[in-house]
Asker: 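Have a look at the structure that comes next, please.
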There are 2 protein chains.
Amino acid sequence: MLTFQNFKKRTAPTLESVCRDLIRENKERISVKKEEVAVRNMTRILEAVFALNREKGFGAMSLRDLSRRSGLSMGALYSCFPGKEELRSMILRRGAAYTREVILDQAPACATPAERLETAIETHLYLSESLRPWFYFAYMEASSLPRRERRRAKEDELATEQIFLDILLEGVAGGSFHCADVELTAALIKAVLQDWYLKRWKYKRKGITVEGYARFVVEFVLSRLTGNA
Amino acid sequence: MLTFQNFKKRTAPTLESVCRDLIRENKERISVKKEEVAVRNMTRILEAVFALNREKGFGAMSLRDLSRRSGLSMGALYSCFPGKEELRSMILRRGAAYTREVILDQAPACATPAERLETAIETHLYLSESLRPWFYFAYMEASSLPRRERRRAKEDELATEQIFLDILLEGVAGGSFHCADVELTAALIKAVLQDWYLKRWKYKRKGITVEGYARFVVEFVLSRLTGNA
DNA sequence: TGGGAAAAAGCGAACGATCGTTCGCTTTTT
DNA sequence: AAAAAGCGAACGATCGTTCGCTTTTTCCCA
């Protein structure tokens, strides 16, 4: 079992570190020259974006809201990103890429499909817990994209689902899993993982920790797949 | 098993019929006098709202977008609702009330908890399929509400979940269900049902019908609860 | 090593566009 | 002809964005 603490120690998915990747990825679109300055400001910007996204949604958020909340002037904002729409695209693109990197980076040499499934579920949950506002933003804004970018967002979603599907298929082929519809099962797992960061208020109210939720999901799915009620 | 067709025949959840309830509920806030006129226009308005909500989100939608899409002038819009924010509130309030009515109206006298659970899952899925754009709108906009209304939206969500929780508790008490954590199981069911209308493109692409999805969810959950792998 | 010029970052007023909303007027229905 | 419905130009506010200017940081040679 992977603990949340061990995950954080190994992967260290802080907002600042992902912001640094985002800055490097879009260096030519950002007029701020020094990386440290850009990272510091972008971190404050994204904190404000995610807070405002929760309150009113990105579409209803004005850049003056963002200026007030982040403590940066309008000019300082525009020295960190080229415009409102591009800011959204940058956030979504980096978030999807980072998620894929982290999930695929996880231990690939687990002994059994059951262990691999457990690790994948835990990793996904722990990552979304560490960057919950980012995940929430990505989920809510993915459908408000221009056609081209929306297509890519859907492919990102399917790519994550494919990771679970591959594990299920391997388990079924090896005889350790019994499952009539692996595609729907993979989709179900994905939906349950997303519920954690979409409805955190609900689980917080019930006093459920991310590790408790992970344990429940793993047990629920595995008992169905292996028949150990 | 409840079929989609039987559900539609019995409940008839059309956009127009729910719009009529919405009009009656907010009669004093609407300057149009004749109900038929109000219902006809409101139906066109909501169709446009839901379409624009999918494309850019309610917050980023302008009333001029809405005017163009619905074919009604600005003045005609304002004769059907008092303002943009109130329109959102009206839609969310009526949707939540209608959902509760339909779910609670369903056959209350099923013989076993397993049958009651099956019917509840099917009813929820069929209703969200019939009014998918409305459900999608309600999900995406519920978090962008003022404090007071958001509290009520959360309570509506918990009320729906409570229906499943009650069935699970009854089954556990009667010995027909085995379940260590009924609260999380109820939350899991809710999350999986929501995924149907939130990610319909995914299931459509895979060729899954709403009845096929219902069958899968029922079988998956019941096999876990009863131990029949 | 200290001070001043060049470079970078930060600022907020101002621009045209568009927002939600209103209202005097015309068209349609009763 | 009275009542209801429908219309779209017009209003002040606010939107995303720009830009001339000030402040801070960096760097280099006296």
Side-chain angles (χ1 to χ4, degrees), chain A residues 19-20 23-24 26-49 52-53 55-91 141 144-146, chain B residues 19-20 23-24 26-45 48-49 52-53 55-91 141 144-146:
Chain A
C19 275
R20 172 164 282 109
I23 294 292
R24 287 177 181 163
N26 300 277
K27 208 185 317 179
E28 72 287 351
R29 298 170 162 271
I30 296 172
S31 71
V32 170
K33 301 296 174 185
K34 300 182 61 179
E35 184 176 295
E36 287 313 311
V37 175
V39 170
R40 169 168 35 91
N41 288 352
M42 186 59 81
T43 303
R44 291 164 67 186
I45 289 170
L46 291 202
E47 283 172 359
V49 165
L52 289 165
N53 178 57
E55 292 169 16
K56 50 169 70 175
F58 185 79
M61 172 199 83
S62 77
L63 292 188
R64 284 171 183 79
D65 292 333
L66 185 55
S67 169
R68 203 174 311 117
R69 194 65 154 251
S70 66
L72 296 170
S73 68
M74 298 298 292
L77 292 184
Y78 272 85
S79 68
C80 289
F81 56 82
K84 196 187 179 192
E85 290 308 307
E86 289 92 339
L87 175 61
R88 169 165 61 192
S89 295
M90 280 165 41
I91 297 173
E141 290 303 319
S144 309
L145 288 169
Chain B
C19 275
R20 172 164 284 109
I23 294 291
R24 287 177 181 163
N26 300 277
K27 210 186 318 180
E28 72 287 351
R29 299 170 161 273
I30 296 172
S31 71
V32 170
K33 301 295 173 188
K34 300 181 59 177
E35 183 176 297
E36 286 314 310
V37 176
V39 170
R40 168 167 38 90
N41 288 351
M42 186 58 83
T43 303
R44 292 164 67 186
I45 289 170
V49 165
L52 290 164
N53 178 57
E55 292 170 15
K56 50 169 70 174
F58 185 79
M61 174 199 83
S62 78
L63 293 188
R64 283 169 184 81
D65 293 332
L66 185 55
S67 169
R68 203 174 310 119
R69 192 67 153 248
S70 65
L72 296 170
S73 67
M74 298 298 293
L77 292 183
Y78 272 86
S79 68
C80 289
F81 56 82
K84 196 186 179 193
E85 291 308 307
E86 289 92 338
L87 175 61
R88 169 165 60 191
S89 294
M90 281 164 42
I91 297 173
E141 289 302 320
S144 309
L145 288 170

Asker: What is the base-pairing partner of C:dA7, counting Watson-Crick and G-U wobble geometry with both distances under 3.5 Å?
Answerer: D:dT24
Asker: Closest-nucleotide mapping onto DNA chain D: is A:Ala60 or A:Gly75 further toward the 5' terminus? I mean the 5' end.
Answerer: A:Ala60
Asker: Within this structure, what is the CG-to-P distance between B:Leu66 and D:dG6, rounded to whole angstrom?
Answerer: 14 Å
Asker: Rounded to the nearest 0.5 Å, how far does NZ of A:Lys56 lie from CG of B:Leu145?
Answerer: 13.5 Å
Asker: Tell me the partner of D:dT17, counting only Watson-Crick (N1-N3 plus N6-O4 or O6-N4) or G-U wobble (N1-O2 and O6-N3) with both under 3.5 Å; none if nothing fits.
Answerer: C:dA14
Asker: Rounded to the Å, how far apart are A:Met61 CE and D:dT17 C1'?
Answerer: 14 Å
Asker: C:dT21 C1' sits how many Å from B:Arg29 CZ, rounded?
Answerer: 16 Å
Asker: Among D:dA5, D:dT17, C:dG20, which nucleotide sits nearest the side chain of B:Ser62?
Answerer: C:dG20
Asker: Could you give the CG-to-P distance, from A:Asn41 to D:dT25, as a whole number of Å?
Answerer: 13 Å
Asker: So, do B:Met42 and B:Met90 sit near enough that their side-chain heavy atoms are less than 4.5 Å apart?
Answerer: yes
Asker: Output the distance between atom CD1 (B:Ile91) and atom SG (B:Cys19), rounded to the nearest 0.5 Å.
Answerer: 8.5 Å
Asker: Run B:Leu63 and B:Tyr78 through side-chain contact (heavy atoms from CB on, under 4.5 Å) and show every step you take.
Answerer: CA-CA 10 Å; B:Leu63 293 188; B:Tyr78 272 86; 3.1 Å; yes
Asker: What is the distance from CD of A:Glu36 to C1' of D:dT25, rounded to the nearest Å?
Answerer: 15 Å
Asker: Return the nearest nucleotide to the side chain of B:Lys34; candidates are D:dA5, D:dG8, D:dG16.
Answerer: D:dA5
Asker: Among C:dG10, D:dA9, D:dC15, which is the nearest nucleotide to the side chain of A:Arg40?
Answerer: C:dG10
Asker: To the nearest Å, how far apart are A:Met74 CE and D:dC21 C1'?
Answerer: 17 Å
Asker: Quick one: B:Met42 CE to D:dG6 P, roughly how many Å, whole number?
Answerer: 12 Å
Asker: If you measure from the Lys or Arg side-chain nitrogens to the Asp or Glu carboxylate oxygens, is any gap between B:Arg88 and B:Glu85 under 4.0 Å?
Answerer: yes
Asker: Compare the minimum distances between each of D:dA5, C:dC15, C:dT22 and the side chain of B:Lys33, then state the nucleotide with the smallest one.
Answerer: D:dA5
Asker: Under 4.0 Å, heavy atoms only, any strand: does A:Ser67 hit a base, just the sugar-phosphate, or nothing?
Answerer: nothing
Asker: Out of C:dT22, C:dG12, D:dG6, which has the shortest distance to the side chain of B:Ala76?
Answerer: D:dG6
Asker: Nearest whole angstrom, please: distance from the P of C:dA13 to the OH of A:Tyr78.
Answerer: 17 Å
Asker: Checking contacts here: which listed nucleotide (C:dG20, D:dA5, D:dT17) is nearest the side-chain heavy atoms of B:Val37?
Answerer: D:dA5
